[in-house]
Amino acid sequence: MRLFWLAFLALALPAFAQEQLSAKAWLENMSQALRDKQFKISLIQLQVDSIRPLLYLHGTVDGKEVAFLEHLNGPIKNAVRVGNTVTFIEHDQPAYSMTSNRIQGVIPAAFAGDISALEAGYNLVLGGRARIAGRTGQMIRLVPNDEYRYTVQVWVDTASFLPLRYDMLSQDKQLLEQLLVIELFETKTPAPILEEAYQQEWPPVMNPSERADGQNWQFNWLPAGFRVIVRDHHRLIGTHEPVEYIALTDGLSNISIYVARSGDAPIPEELMTRDGISMASERVGNLEVVAVGRVPTQTLVRIASGLRLD
């Protein structure tokens, strides 16, 4: 009988300990799992007008994080990360590498980073539990502190602390994006493809474009938690018009800013593009500022109208 109770307690105590976890603690455990664990997940990415099946693998080889993302439908479109270098492999262009500690377009980078940074823009709230991919997931709601971003929900696997589902909801509760895991496998050793990726010689990291101007663009206002992560200068495909490019993020929502000389054809002040992404255009002097992102249009308008050149 004593052995029975000891076995019962061994099973019950972890569940009891989980019940004491705060929303932030759940996310911190998820962040650590995404960095440290060896795993393979098959998932579906749902957006407003598209469905994409994806395969994502993660592991550690010789103490360095290695990850692989594959789009399973359509033309070849893969990404490999070794440490802080991400290489993109696509069917219609040579492979190229960039410096990044996450592969963009799958699990939000903030989920594997410092969870405290998210508190500048979101309240972290515990939700209920649901069964996803044959596993039990604990829901965490990230509720915006303001009207400048959207609500995010994530379900964390109670066994592995890896994410099972991710939703982004508009202000009227419409689903803008969902990542839904359909299979999750933990492994004790990295997958062979990750070991091969670690040993592969990938293209060198692209150097930022040489820029003669545009380095002093500043924002009069940004929503709390948003920061500049990229400043670049390049030419638009097709027109070859020079534009300044600035990328912003709060860890979950990404905003792209384009600055170019005003053209003759007027651009709509605001519109909703594919995949629930909003766009806003503002004229600043003789320049056109276009902001694009999966955030409320009012956020883009206020950011674009407040851009200035110091």
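Keep in mind that the numbers below use all heavy atoms, side chains included, and drop hydrogens, waters and symmetry copies.
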Legend entry - For Pro223 against Ile303, the heavy-atom pair lying closest together: CD-CD1, 3.9 Å
Inset, instruction - Using the rule that two of Ile, Leu, Val, Met, Phe, Trp, Tyr join whenever any of their side-chain heavy atoms come within less than 4.5 Å, decide whether Phe111 and Val106 are in one cluster. - result: yes
Legend entry - Donor-acceptor pair, side chain of Thr249 and main chain of Ser253, under 3.5 angstrom: yes
Inset, instruction - Tell me yes or no: between the side chains of Arg302 and Tyr148, is some donor less than 3.5 Å from an acceptor? - result: yes
Legend entry - Note, Val295 side chain near Asn254 side chain (heavy atom, < 4.5 Å): no
Inset, instruction - Using a 4.5 Å cut-off on heavy atoms from C-beta on, say whether the side chain of Val292 contacts that of Ile277. - result: yes
Legend entry - Inter-residue atom distance Leu307.CG - Leu222.CG, 0.5 Å rounding: 9.5 Å
Legend entry - Distance (rounded to the nearest 0.5 Å) between Ser281 OG and Tyr258 OH: 13.0 Å
Inset, instruction - For residues Val181 and Pro163, report the shortest heavy-atom separation together with the two atoms involved. - result: CG2-O, 3.6 Å
Legend entry - Min side-chain heavy-atom separation Val289-Ser305 under 4.5 Å: no
Legend entry - Hydrophobic cluster identity match, Val66 and Ile107, side-chain contacts under 4.5 Å: no
Legend entry - Pair Leu300-Ile255, side-chain contact (heavy atoms from CB on, under 4.5 Å): steps then yes or no: CA-CA 8 Å; Leu300 301 178; Ile255 298 174; 3.7 Å; yes
Inset, instruction - Measure from the side-chain N and O atoms of Asn220 to the backbone N and O of Gly306, and report whether any donor-acceptor pair falls under 3.5 Å. - result: yes
Legend entry - Contacts of type side chain to side chain contact (heavy atoms under 4.5 Å, CB included), residue Lys24, not counting sequence neighbours: Ser22, Glu28, Ile115, Ser116, Glu119, Leu124
Please tabulate, one pair per line, all N/O donor-acceptor pairs under 3.5 Å involving side-chain atoms of residues 73-80, not counting sequence neighbours.
none

Legend entry - By side chain to side chain contact (heavy atoms under 4.5 Å, CB included) - contacts of Ala120 (at least two apart): none
Legend entry - side chain to side chain contact (heavy atoms under 4.5 Å, CB included) partners of Ala67, counting only residues at least two apart: Tyr56, His58, Arg81, Ile103
Inset, instruction - Decide yes or no on side-chain contact (heavy atoms from CB on, under 4.5 Å) for Val143 and Tyr122, but give the supporting numbers first. - result: CA-CA 5 Å; Val143 182; Tyr122 301 88; over 6 Å; no
Inset, instruction - Is it possible for you to say whether Phe161 and Phe39 belong to one hydrophobic cluster, with membership spreading through side-chain heavy-atom contacts below 4.5 Å? - result: yes
Inset, instruction - Quick one: closest heavy-atom pair of Ala33 and Ser160, and the distance? - result: CB-O, 3.6 Å
Inset, instruction - Could you pull out the closest heavy-atom pair between Gly251 and Ala110, with the gap in Å? - result: O-CB, 3.2 Å
Legend entry - Sub-4.5 Å side-chain heavy-atom contact between Arg52 and Ile44: no
Inset, instruction - Can you see which heavy atom on Ser278 is nearest to which on Tyr150, and at what distance? - result: OG-OH, 4.4 Å
Legend entry - Distance in Å, Thr151 OG1 paired with Leu142 CG, rounded so as to fall on 0.5 Å steps: 9.0 Å
Legend entry - Beyond-backbone contact of Val156 with Leu162, side-chain heavy atoms, under 4.5 angstrom: no
Inset, instruction - Indicate whether any N or O donor in one side chain lies under 3.5 Å from an N or O acceptor in the other, for Arg165 and Gln153. - result: no
Legend entry - Side chain proximity check, Leu72 to Leu55, heavy atoms < 4.5 angstrom: yes
Between side-chain atoms of residues 131-139 and protein atoms elsewhere (two or more places apart, or another chain), which donor-acceptor pairs fall under 3.5 Å?
unit_1: Arg135; atom_1: NH1; unit_2: Asp157; atom_2: OD2; d: 2.7
unit_1: Arg135; atom_1: NH2; unit_2: Leu184; atom_2: O; d: 3.2
unit_1: Gln138; atom_1: OE1; unit_2: Arg129; atom_2: NE; d: 2.8
unit_1: Gln138; atom_1: NE2; unit_2: Gly127; atom_2: O; d: 2.8

Legend entry - Residues that Phe219 engages under ring pair (Phe, Tyr, Trp, His ring centres under 6.0 Å), provided they are two or more places apart: none
Inset, instruction - Consider only side-chain heavy atoms of I, L, V, M, F, W and Y, link residues closer than 4.5 Å, and tell whether Ile182 and Leu46 are in one cluster. - result: yes
Inset, instruction - Over all heavy atoms of both residues, which pair between Ala304 and Val284 is shortest? Give the atoms and the distance, please. - result: O-CG2, 3.9 Å
Inset, instruction - Can you measure from CG (Leu27) to CG (Leu34) and round to the nearest 0.5 angstrom? - result: 10.5 Å
Legend entry - Pairs where residues 83-93 contributes a residue and the test side-chain hydrogen bond (donor to acceptor under 3.5 Å, both in side chains) is met, not counting sequence neighbours: Thr87-Ser97, Glu90-Gln93
Inset, instruction - Return the set of residues passing ring pair (Phe, Tyr, Trp, His ring centres under 6.0 Å) with Trp202 (not counting sequence neighbours), or none when no residue passes. - result: none
Inset, instruction - Kindly write out the residues that satisfy side chain to side chain contact (heavy atoms under 4.5 Å, CB included) with Arg35, not counting sequence neighbours, or none if the list is empty. - result: Ser31, Gln32, Glu65, Arg102, Ala112
Inset, instruction - Start with the C-alpha gap between Arg227 and Ile229, add the side-chain angles, then the distance that decides, and say whether side-chain contact (heavy atoms from CB on, under 4.5 Å) holds. - result: CA-CA 6 Å; Arg227 66 190 187 282; Ile229 56 171; 4.1 Å; yes
Inset, instruction - State whether the side chain of Gln171 and the backbone N or O of Glu147 hold a donor-acceptor pair below 3.5 Å, judged by distance alone. - result: yes
Inset, instruction - List the steps and the verdict of side-chain contact (heavy atoms from CB on, under 4.5 Å) for Val228 and Ile246. - result: CA-CA 7 Å; Val228 176; Ile246 307 168; 3.9 Å; yes
Inset, instruction - To the nearest 0.5 angstrom, please state how far the CH2 atom of Trp26 sits from the CG atom of Leu126. - result: 8.5 Å
Inset, instruction - Identify, with sequence neighbours excluded, every residue that meets ring pair (Phe, Tyr, Trp, His ring centres under 6.0 Å) alongside Phe88. - result: Tyr96
Legend entry - hydrophobic_cluster_shared for Met98 and Val82, side chain cutoff 4.5 Å: no
Inset, instruction - Compute the centroid of each ring, for Tyr166 and then for Trp155, and state whether the two points are separated by less than 6.0 Å. - result: no
Under 3.5 Å, sequence neighbours excluded: what are the donor-acceptor pairs made by side chains of residues 173-180?
unit_1: Glu177; atom_1: OE1; unit_2: Arg294; atom_2: NH1; d: 3.3
unit_1: Glu177; atom_1: OE2; unit_2: Gln45; atom_2: NE2; d: 3.2
unit_1: Gln178; atom_1: NE2; unit_2: Asp167; atom_2: OD1; d: 3.0

Legend entry - Spacing of Leu54 atom CG and Leu43 atom CG [to the nearest 0.5 Å]: 5.0 Å
Inset, instruction - Write out all pairs satisfying side-chain hydrogen bond (donor to acceptor under 3.5 Å, both in side chains) with one or both partners inside residues 184-196, taking only residues at least two apart or from two chains. - result: Lys37-Glu186
